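Notes follow the structure.
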Amino acid sequence: MTATLEPEDGDRNVIDFDDNRLLAQLFGEHDRHLARIEQQLGVSLLTRGNRVLIAGAPANRRMARAALGELYKRLKRGHVIDAGEVDGAIRLAERPADAGAHVIRTEKHPVAARSGTQQSYFEALQTCELVFGLGPAGTGKTYLAVAVAVGMLLDGRVDRIILTRPAVEAGERLGFLPGTLDEKVDPYMRPMYDALYDMMPAEKVMRRRASGEIEVAPLAYMRGRTLANAFVILDEAQNTTPVQMKMFLTRLGENSRMAVTGDPSQVDLPLGSRSGLLDALQVLRGLPGIGIVEFGHADVVRHPLVTRVVRAYDAREHGLLAEHERQE
């Protein structure tokens with residue numbers, strides 16, 4: 001047993017941790033991780049050797065205990081604990097029914113859910129042949145899909161990973177960019193490469209690319225193909241047209257899975273063009289075998305400032321929309 005909870009008198013609880021070597025990482029430099037838990041959950045944490053005493057209201061104590069236990073388990077699995085991990089553990093503690101997060105083992109480090117929505121997303125990616133992951137930047141939509149794809153490839157459940165994006169973003173078209181086709185395409189695919197390199201050594205990514213086990217290509221390259229025994233991820237799907245989206249979805253082959261990720265509020269298509277993502281959601285929502293997971297601001301797992309930035313932009317857009325409706 002890695003951590004033991006002992007009841008104490010009054011409004012206190014005690015956790016005993018069995019590996020003192022992990023406590024510095026668990027507590028954080030100058031106990032900053034403990035301070036973060038205290039601030040967000042309204043508890044008081046006191047350390048005595050390998051023990052942590054928790055004081056506060058019963059519900060708050062329960063959440064703090066769960067958060068510390070989850071962080072300790074992650075350290076045991078080889079995770080590096082940072083502010084984002086602490087926030088994720090707190091979010092999970094606030095939803096006790098979601099405890100026991102899915103963990104995907106990659107070649108570099110394990111990947112675990114940091115929120116209840118991320119856990120639901122993990123479950124959908126494991127059980128549904130087609131999953132839509134929707135929401136703002138920083139919620140892990142693409143990163144977690146890549147993690148599941150890498151896990152399935154390493155386990156032999158699929159033969160290859162195919163990562164694709166529409167190659168038109170923010171009004172720029174490939175034909176007007178300098179360089180060879182690969183040089184034109186790579187900047188659009190860089191976020192997907194980054195996720196791969198975070199989970200696999202670079203030389204193995206390149207070797208699997210050369211063998212065809214990993215393919216990173218623009219969406220146009222999917223036309224006319226049947227994608228069997230593959231995990232296929234379409235990123236930035238809000239920038240597809242309905243025709244492109246239908247073409248992509250009908251590529252699904254035997255023993256394959258598809259993940260479609262995007263932010264419906266960030267469409268970069270020309271004014272007046274309909275998003276293929278929004279069109280697909282309208283047509284497909286409710287069909288059996290299709291998972292739709294919607295992330296919100298509370299699921300943002302990047303720097304806390306990212307959450308505030310997203311909320312500020314959304315607030316302005318909602319304000320402008322309300323003003324426009326009043327004028328009409």
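The structure displayed is predicted, hence computed values, not measured ones.
- Atom-to-atom distance recorded for Glu236:CD and Asp263:CG is 8.0 Å, nearest 0.5 angstrom.
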Stepwise side-chain contact (heavy atoms from CB on, under 4.5 Å) check, Met245 with Val260: CA-CA 10 Å; Met245 179 61 77; Val260 178; 4.0 Å; yes

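- When all heavy atoms of Leu75 and Gln25 are compared, the pair lying nearest together is CD2-OE1, 3.5 Å.
- No more than 12 heavy atoms of other residues, nucleotides or ligands shown are found within 6.0 angstrom of CZ on Arg21.
- Tyr121 and Phe295 have perpendicular rings, their planes meeting at more than 60° on a 0 to 90° scale where under 30° would count as parallel.
- Formation of a donor-acceptor pair under 3.5 Å by the Asn239 side chain with backbone atoms of Asp268 is found in this model.
- Looking only at atom types and distance, the side chain of Gln126 has a donor-acceptor partner in the side chain of Arg157 under 3.5 Å away.
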For a side-chain contact (heavy atoms from CB on, under 4.5 Å) check, start with the C-alpha distance between Leu153 and Phe231, then their side-chain angles and the critical distance, and finish with the verdict. CA-CA 8 Å; Leu153 180 67; Phe231 198 113; over 6 Å; no

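- Summarising the geometry, atom CZ belonging to Arg274 is positioned 11.5 Å from atom CG belonging to Leu269; distances are rounded to the nearest 0.5 Å.
- With Arg61 contributing its side chain and Gly56 its backbone, the two residues share a donor-acceptor pair below 3.5 Å.
- Between the Thr164 side chain and the Leu234 main chain, no donor and acceptor come within less than 3.5 Å of each other.
- Met247 and Leu281 fall within the same hydrophobic cluster, defined by Ile, Leu, Val, Met, Phe, Trp and Tyr side-chain heavy atoms under 4.5 Å apart, directly or through other members.
- Here the side chain of Thr250 pairs a donor or acceptor atom with the backbone of Lys246 at under 3.5 angstrom.
- At distances below 3.5 Å, not a single donor-acceptor pair connects side-chain atoms of Gln40 with backbone N or O atoms of Asp87.
- Looking only at distances, a side-chain donor or acceptor of Ser256 sits under 3.5 Å from a matching main-chain atom of Leu227.
- In this structure a side-chain-to-backbone donor-acceptor pair under 3.5 Å is missing from Tyr72 to Leu22.
- Proximity of Leu144 to Thr139: side-chain heavy atoms (C-beta onward) are nowhere separated by under 4.5 Å.
- Here the CG-CG distance, from Leu134 to Leu277, works out to 5.5 Å after rounding to the nearest 0.5 Å.
- At least one side-chain heavy atom of Asp19 sits less than 4.5 Å from a side-chain heavy atom of Lys76.
- At a threshold of 4.5 Å between non-hydrogen side-chain atoms, the residues Leu71 and Ile37 count as touching.
- The hydrophobic cluster containing Ile290 does not contain Leu278, counting ILVMFWY residues as joined when their side-chain heavy atoms lie under 4.5 angstrom apart, directly or transitively.
- The structure places CD1 of Ile90 at 9.5 Å from CE of Met63, a figure rounded to the nearest 0.5 Å.
- Considering only heavy atoms from C-beta on, Met206 comes within 4.5 Å of Tyr197 through its side chain.
- In this structure, the separation between CD1 on Ile81 and CD on Glu70 is 8.5 Å, given to the nearest 0.5 Å.
- Taking 4.5 Å as the limit, some side-chain heavy atom of Arg225 sits within range of a side-chain heavy atom of Ile162.
- Scanning both residues, Thr226 and Gly253, for their nearest heavy atoms gives CG2-CA, 4.0 Å.
- Here the side chain of Arg257 pairs a donor or acceptor atom with the backbone of Cys128 at under 3.5 angstrom.
- Nearest heavy atoms, Val267 versus Ser275: CG2-CB, 4.1 Å.
- The environment of CD in Glu107 is crowded: more than 12 heavy-atom neighbours from other residues, nucleotides or ligands sit within 6.0 Å.
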Is there a salt bridge (charged side-chain N to carboxylate O under 4.0 Å, His left out) between Lys141 and Asp235? Walk through the geometry before answering. CA-CA 9 Å; Lys141 305 181 300 294; Asp235 191 32; over 6 Å; no

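- Side-chain contact between Arg251 and Met258: present, with at least one pair of heavy atoms (C-beta onward) separated by less than 4.5 Å.
- A distance of 6.0 Å separates CG of Leu130 from CG of Leu249, quoted to the nearest 0.5 Å.
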Dump the intermediate steps for side-chain contact (heavy atoms from CB on, under 4.5 Å) on Leu163 and Thr142, then the final yes or no. CA-CA 10 Å; Leu163 309 175; Thr142 303; over 6 Å; no

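- One N or O on the side chain of Asn50 and one on the backbone of Phe17 form a donor-acceptor pair closer than 3.5 Å.
- Cluster membership for Leu287 and Ile292, using ILVMFWY side-chain heavy atoms within less than 4.5 angstrom, is shared.
- The residues Arg207 and Glu203 are annotated as not salt-bridged, no charged nitrogen and carboxylate oxygen being separated by less than 4.0 angstrom.
- Residues Ile54 and Ala64 approach most closely at CG2-CB, 4.0 Å, considering heavy atoms.
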